[in-house]
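Per chain, numbering begins at 1; letters A, B, ... match sequence-line order. Given the structure is predicted, the values throughout are model-derived calculations rather than measurements. When reading the values below, keep in mind they use all heavy atoms of this one structure, side chains included, and skip hydrogens, waters and symmetry mates.
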Protein chains: 2
Amino acid sequence: MSLDALPGFREFYPSELAERNFIIDTWREVARRYAFVEVDGPPLEPLELYTRKSGEEIVGQLYSFTDKGGREVALRPEMTPTLARMVSAKANALRKPIRWFSIPQLFRYERKQRGRLREHFQLNVDIFGEADVTADAELLATAIDMMRAFGLTSSDVRARVSDRRLLRGLLVLTGITDEMLPGVYAVVDKLDREPRASLEAKLRAGGLHDVFIGRVFEVLKHPDLDTLRDRYGDVPELREDFTRLARYFECLEALGVRDWVEFDLSIVRGLAYYTGIVFELFDAKRELRAICGGGRYDSLLKQLGGTDLPALGFGMGDVVLGELLRARGRMPVWSPAVDVWVAYADAGLLDDAMRIARRLRDRGRSVEFALGGQQLSRQLKAASAAGAREALVLQPEELERGDAVVRRLDTGDETRVRLDEWIGAH
Amino acid sequence: MSLDALPGFREFYPSELAERNFIIDTWREVARRYAFVEVDGPPLEPLELYTRKSGEEIVGQLYSFTDKGGREVALRPEMTPTLARMVSAKANALRKPIRWFSIPQLFRYERKQRGRLREHFQLNVDIFGEADVTADAELLATAIDMMRAFGLTSSDVRARVSDRRLLRGLLVLTGITDEMLPGVYAVVDKLDREPRASLEAKLRAGGLHDVFIGRVFEVLKHPDLDTLRDRYGDVPELREDFTRLARYFECLEALGVRDWVEFDLSIVRGLAYYTGIVFELFDAKRELRAICGGGRYDSLLKQLGGTDLPALGFGMGDVVLGELLRARGRMPVWSPAVDVWVAYADAGLLDDAMRIARRLRDRGRSVEFALGGQQLSRQLKAASAAGAREALVLQPEELERGDAVVRRLDTGDETRVRLDEWIGAH
């Protein structure tokens with residue numbers, strides 16, 4: 001067929017859809033335990049919702065176009081701006097903190113990268129209206145507990161955390177100004193993905209003097225918290241940041257996820273709007289892209305013209321997570337699972353098969369029967385292929401007596417049963 | 001905030017998302033009973049996938065645009081062409097009949113209609129590879145059983161069915177040619193929504209002579225099956241159609257849904273590609289648009305360049321169904337539902353609250369606690385607002401003894417409990 005799916009868009013056949021549903025069901029279950037409630041927004045939004053605050057990485061890859069009414073629109077590349085708008089619109093009516101999750105399909109358009117997906121599903125978990133660091137720990141615990149729910153351990157997945165306030169404080173000490181920060185963060189975000197020379201060139205292109213460039217890399221040379229505390233713990237401007245981080249780790253301990261987490265100053269995450277603690281989850285072997293990323297974005301709601309509410313959240317996509325689950329043997333293998341196959345030895349019994357199917361379906365069973373009046377042997381083959389373990393076989397004389405035969409499809413063993421009793425027990 | 005959602009796109013706050021999930025969960029449950037398995041496809045497709053065969057009603061309202069790579073694309077207006085492509089691509093590997101369902105979000109763009117939605121979610125249920133009329137009955141039974149699962153009865157919802165082959169046969173008898181049929185079907189589809197004069201004008205504009213126009217309306221004057229059989233039952237060209245319809249109703253009887261169904265020759269449904277039995281579900285009071293529509297489309301797969309497989313299916317949207325469920329009191333009212341609220345009388349006990357929350361969450365409970373160290377009275381108010389019936393209240397001396405207080409939030413009654421035992425029982 002010439003009308004293939006567009007490049008980068010997935011088709012989900014039954015086994016692939018089952019994997020997607022396994023991921024989404026697990027997300028929903030853990031989100032429920034953490035008392036988050038589900039919301040959703042439009043997959044298409046005004047372009048400006050993203051160009052205002054999302055940052056270059058997102059804006060450069062927008063799946064945007066002009067609609068028939070002349071509006072500049074984009075298929076949503078991320079969920080946070082939509083959530084920020086929804087919270088702002090009902091901020092007074094909603095109990096704080098607001099604990100929301102959502103599972104949008106997200107889109108991006110890159111011209112040159114072949115084979116890269118242009119859509120994925122992403123869990124978003126967000127807390128609005130809580131400035132305390134306990135909320136940061138609760139959020140990361142939610143993400144980590146999802147890993148546990150998928151059967152992964154702290155040997156499979158690691159969390160790296162940092163705090164943009166501490167990084168900013170350290171950079172400011174060296175003379176970096178707030179105007180330079182967005183460019184510096186964008187470079188730090190790529191620290192382990194690009195060679196240093198290329199990153200230095202980017203900082204230079206951004207107008208940073210060589211002296212400052214050297215200082216940026218000096219600050220990042222010791223990314224662990226103990227060394228940083230030893231070196232800078234007495235600097236008054238940084239005391240609050242160190243205290244907050246110490247409390248953060250205490251909370252992670254109480255929430256039972258401390259051993260999954262490491263501090264790493266070089267984590268800043270790609271989005272422009274983060275303002276505080278940021279984190280990412282990645283596979284311990286470092287073979288895949290990040291599984292999950294998030295952080296605090298206390299200014300975004302106000303910057304988008306909404307309510308001034310502190311906020312934090314994370315996104316976790318289905319693609320990298322799916323790769324990891326398959327690699328670690330944690331993805332269930334789908335197979336068809338019809339509960340009861342109703343077979344008939346004689347085409348004249350098709351109506352009886354339908355009546356029985358209806359009764360079993362009313363009892364919640366998944367039931368199939370041959371629609372086209374096939375021969376019994378073909379029906380039984382189809383029953384096996386449909387994943388049924390047993391077939392209920394109807395035969396004229398037996399049916400008249402209210403009996404039927406139950407045939408085990410693996411062994412071929414047959415048992416005569418009273419039809420009404422058997423249905424009642426299924 | 002100035003960056004509002006685009007016109008016609010919905011935001012789903014918790015109560016609205018809960019209603020959507022109620023509908024989708026019920027769809028999934030009934031589809032499972034009827035042994036359909038879930039699939040999905042891309043929300044964005046090549047424009048030509050729809051312009052080839054979907055018919056004017058869909059093509060005139062396409063949410064289409066040119067992407068950044070110069071491709072003509074459209075947000076999917078219907079799911080059937082995507083499914084036809086997916087079946088064709090793996091037709092040999094898939095067991096027939098293929099029984100699939102999917103729940104896509106669909107889109108349309110109409111310039112002039114204010115207040116009308118531009119997206120909705122639509123259940124699609126399809127059977128591929130079965131020409132027998134039993135499949136037509138099984139399909140309609142699935143749609144009707146969904147109404148039952150929502151708590152609706154045959155007094156709330158009616159099904160109207162027809163067969164395009166019979167209608168075509170009757171029209172051909174009057175001299176109407178196959179070339180005229182698409183235009184005639186488009187007009188018949190609007191029979192109870194537009195005045196006769198306007199429909200006659202449309203037929204005339206389509207090149208139909210007044211003599212034929214008169215005959216079209218003559219054929220449709222007696223839309224019930226008994227009258228039609230009395231008048232045309234002996235016409236050899238129509239005998240097969242009457243036999244098939246008689247068998248169809250027998251199957252509906254065996255499947256337990258006969259009393260929901262009426263024959264109505266004027267049902268043709270809007271999509272161009274239907275070839276056989278077509279049906280729709282609508283509210284018995286006729287206050288809403290159709291709840292569901294579907295039928296047989298035996299030629300579509302081949303026409304789209306794929307495998308030549310008979311096929312049939314229906315679509316059921318979330319919007320009209322939601323209106324009906326609310327109108328009949330069948331839509332559950334959402335309220336927040338935290339299982340356990342862990343409160344603490346002293347901010348120093350927050351870490352204990354977190355440890356207990358973790359243990360309860362590990363047991364599958366939905367647990368919340370105050371993140372910001374609020375006063376106990378505020379915590380208990382929040383607990384009520386979160387939908388908890390009880391709060392587990394931690395107090396320093398009691399906690400040291402391994403005890404806690406369980407407070408009923410409606411009455412204020414308090415009971416002292418052994419903490420470990422209480423957690424074990426929750």
Could you tell me whether the side chain of [Y] reaches within less than 4.5 Å of the side chain of [X], counting heavy atoms only?
X	Y	answer
A:Y63	A:R108	no
B:L75	B:R118	no
B:L139	B:E130	no
B:L62	B:Y109	no

Using a cut-off of under 4.5 Å on heavy-atom pairs, state which of [options] scores highest against chain B.
options	result
A:S15, A:P7, A:P336	A:P7
A:V340, A:V30, A:D362	A:D362
A:R365, A:K68, A:E119	A:K68
A:E250, A:R247, A:K96	A:R247
A:E16, A:E29, A:R10, A:R99	A:R99
A:R361, A:R358, A:R355	A:R361

Any donor and acceptor pair, going by atom type alone, linking the side chain of [X] with main-chain N or O of [Y] inside 3.5 Å?
X	Y	value
B:D351	A:A254	no
B:T134	A:G372	no
A:E72	A:E48	no
B:Q379	B:Q374	yes

Subject >> Criterion side chain to side chain contact (heavy atoms under 4.5 Å, CB included) on A:F107 and B:L44, from CA distance to verdict >> reply: CA-CA 10 Å; A:F107 304 87; B:L44 196 71; 5.7 Å; no
Where on [X] is there a heavy atom nearer than 4.5 Å to chain B: the side chain, the backbone, both, or neither?
X	answer
A:F36	neither
A:Q105	side chain
A:I356	neither
A:V367	both

**OP:** Would you sort out whether B:L17 and A:W100 count as a side chain to side chain contact (heavy atoms under 4.5 Å, CB included), showing the intermediate values?
**Re:** CA-CA 11 Å; B:L17 203 284; A:W100 278 0; over 6 Å; no
Among the listed options [options], the residue most often paired with chain A at heavy-atom distances under 4.5 Å:
options	value
B:P43, B:A18, B:P97	B:P43
B:A385, B:G364, B:G256	B:G364
B:V73, B:N21, B:V257	B:N21
B:A135, B:A5, B:C251	B:A5

Which region of [X], side chain (C-beta onward) or backbone (N, CA, C, O), has a non-hydrogen atom less than 4.5 Å from a non-hydrogen atom of chain A, or is it both or neither?
X	result
B:R363	neither
B:A357	neither
B:A382	both
B:A386	both
B:R32	both
B:V338	side chain
B:L360	neither
B:S64	both
B:R359	neither
B:D352	neither

Subject >> Presence of salt bridge, A:R76 and A:D40, under 4.0 angstrom >> reply: yes
Original post:
Stepwise, does the side chain to side chain contact (heavy atoms under 4.5 Å, CB included) test hold for A:R28 with A:F101?
Top reply: CA-CA 8 Å; A:R28 281 206 172 110; A:F101 77 99; 4.0 Å; yes
**OP:** For the residue pair A:E110 and A:Q61, confirm or rule out a side-chain donor-acceptor distance under 3.5 Å.
**Re:**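 There is such a pair (donor and acceptor under 3.5 Å, judged by atom type) between the side chains of A:E110 and A:Q61.
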Subject >> ring-ring contact (aromatic ring centres under 6.0 Å, His included) evaluation trace for A:F65 with B:F65 >> reply: CA-CA 7 Å; A:F65 61 94; B:F65 61 95; 3.3 Å; yes
